[in-house]
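Quick note on labels: first sequence line is chain A, next is B, and so on, each numbered from 1. Bear in mind that the values here come from a model prediction, so they are computed numbers and not experimental data. Computed from heavy atoms alone, side chains included, the values below leave out hydrogens, waters and symmetry copies.
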Amino acid sequence: MAKRIDVSDLDIYYGNFKAVEGVNVSIEPRSITALIGPSGCGKSTFLRSLNRMHEVIPGARVEGKVVIDGQDLYGADVDPVDVRRQIGMVFQRPNPFPTMSIYDNVIAGVRLNGGKMRKGELDELVEKSLRGANLWTEVKDRLDRPGSGLSGGQQQRLCIARAIAVEPEVLLMDEPCSALDPISTLAIEDLMAELKERFTIVIVTHNMQQAARVSTSTGFFNLGGVGQPGHLVEFNPTEKIFSNPEEKATEDYISGRFG
Amino acid sequence: MTTTSAPPAPAQPKRRLGDRLFAGSATGAGILILVVLAGVAIFLVTEAWPAITADSADLPDGKSLAAYIAPLLFGTLLAAVIALIVATPLGVAIALYVSYYAPKRLAATMGYVIDLLAAIPSVVYGFWGIAALAPAMVPFYGWAAEHLGWIPFFAGPASTTGKTMLTAGLVLAVMILPIISAISREVFGQAPALHREAALALGATRWEMIKMAVLPYGKSGVIAGAMLGLGRALGETLAVAIVLSASGGITFNLISSSNPSTIAANIALQFPESSGLAVNALIASGLALFVITLAVNMFARWIVTRRADFSGAN
């Protein structure tokens, strides 16, 4: 199901404010792409523009193109709701629905897609998704309990299970480990390495070691100054970014000389 | 052998004056509300006692106390339930529109207007009911008696004045609408962005997002609002006294001119002309209202806490 993402000349606006400018990038299928950069540089906004979640904020719009396997996400007849059904997202803070059981959380997306499934099929899907998120053995005895009773790391894996249950083409992760302890972070990183076989993953992270550990390609975002739009400074294989970056700004950032 | 010395007494935390004053006044306020409640309960029981123990022949209409209160209680509950059935969905819909659909400026204005509705005195609602709503409903009652007469609620004969149980229930519905919608709006507005975004990111439309992340979160608030509204509807006196043409008798017929009265309206209408045991009987009916209201509130609490695990508060 993994798909390739092509972004060309993408500008993102919030009202009159230009948040991100001139992004050109190609993201390969079945890879993990990490986006790094200082706070406020637009990497999260860029990530959200890949499933049109930035439009939740009134006045947000884009210029340019985002094409996933030949389909323009911002085409005139494209419904953002459909886009989000194909592109899963995991957020910074784990957000399982507190009013739903673990079981219902996993199938929440499937229910939305209107798929009428028999109980047996649903059971299978729940088990498969939870196993896919390395959570099955921990929760299989309490599927009817609320998801909010789990630990933070478990909740985040539940959210990943919820996202992959609908077999999305792309999985976006917005700092998925920044609210987690190192053990839970490791669990999520191991999981990402497995998910890479099936999905195209884009992750925003503030943790450069994490970017270096998990990703195949890395994009560095930066902004010229306060009030100016963020832009993609450099996009290269992760190895190159962390050993021999093309841009001076990238080297300064990853070596801790600023930001 | 070493002797174990007594452990040092735990250090007394320093009691500051401000803390003591605040703790004292808060405790006092808490106790005061219990005293007031107990006082009301004791008053009702002692004043109602002569009627409870009296021989039925001495009571008004020569009926037993239970037979006296039953139709009133029935009327009270019927009017309040009609009001609740009409006002709750409408109030929730208004709250959803204001919090998630209306343009920002319109939403703010609508919020004010709704709050203003709550500030209108009940006598005004009563006049509106008798002067505007009741006559306007008469044609509908005639039509309903003719075409929907097979439903017990619309058995007829239709009232020609419009002073029916349904009219009273609708007036009460308008009165409790602002309470329900104001409280619902408050809780819907607090539904966490985290969970709303989770729903949207799964590909939920706005309505699906509301179903997944807003309504379940706001459910206990809606119930609380509905119960507050129900409390007001149960106790509302003036509007019902003005609007309802009461002649006693238990009936589900909502559109005829013979209706059971409500406890509060009956007390207001009968009290000035009553004396002796009749007053005690009225107070006994008040006691019944007190108990019902208490039971309704406890039932609402039970609903709210029943699935506390899933409430979203953890």
- [ ] Identify the heavy atoms of Leu202(B) and Phe97(A) that sit nearest to each other, and give their distance.
- [x] CD1-CE1, 4.0 Å
Open item on the list: Taking atom CD as the centre, does Glu189(A) end up with more than 12 heavy-atom neighbours from other residues, nucleotides or ligands that are less than 6.0 angstrom away?
Closed with: yes
Open item on the list: Tell me which of these, Arg48(A), Met89(A), Met53(A), has more heavy-atom pairs under 4.5 Å with chain B than the rest.
Closed with: Met53(A)
TODO: Quick one: closest heavy-atom pair of Val56(A) and Glu197(B), and the distance?
DONE: CG1-OE2, 4.2 Å
- [ ] Would you mind checking which part of Pro96(A) comes under 4.5 Å of any heavy atom in chain B, side chain (CB onward), backbone (N, CA, C, O), both or neither?
- [x] backbone
TODO: Return yes when atom CD1 of Ile33(B) has more than 12 non-hydrogen atoms of other residues, nucleotides or ligands closer than 6.0 Å, and no otherwise.
DONE: no
Task: Separation of Thr205(B) OG1 from Asp82(A) CG (nearest 0.5 Å) - done: 11.0 Å
Open item on the list: Minimum heavy-atom separation for Ala198(B) and Asn95(A), please, with both atom names.
Closed with: CB-ND2, 3.3 Å
- [ ] Would you indicate whether Phe153(B), at its atom CZ, is surrounded by more than 12 heavy atoms from other residues, nucleotides or ligands within a distance under 6.0 Å?
- [x] no
- [ ] Please examine the side chains of Met212(B) and Leu112(A), heavy atoms only from C-beta on, and report whether any two atoms are closer than 4.5 Å.
- [x] yes
TODO: May I ask you to check whether over 12 heavy atoms, not counting those of Phe17(A), lie within 6.0 Å of atom CZ?
DONE: yes
Open item on the list: A quick test of your reading: do over 12 heavy atoms of other residues, nucleotides or ligands sit less than 6.0 Å from CZ of Arg4(A)?
Closed with: yes
Open item on the list: Salt bridge or not between Glu208(B) and Arg84(A)? Use side-chain N to carboxylate O under 4.0 Å.
Closed with: no
Open item on the list: Distance check, rounded to the nearest 0.5 Å: Leu194(B) atom CG versus Gln92(A) atom CD?
Closed with: 9.5 Å
Task: CZ/Arg16(B): more than 12 non-hydrogen atoms of other groups inside 6.0 Å - done: no
TODO: Under 4.5 Å heavy-atom distance to chain A, tell me which part of Ala199(B) shows up: side chain, backbone, both or neither.
DONE: both
Task: Heavy-atom proximity to chain B below 4.5 Å, by part of Leu172(A) - done: neither
Task: Segment of Pro80(A) engaging chain B (4.5 angstrom heavy-atom cut-off) - done: neither
- [ ] Let me know if Arg162(A) has heavy atoms under 4.5 Å from chain B in its side chain, its backbone, both or neither.
- [x] both
TODO: Inspect the surroundings of OH in Tyr101(B) and state if more than 12 heavy atoms from other residues, nucleotides or ligands are less than 6.0 Å away.
DONE: yes
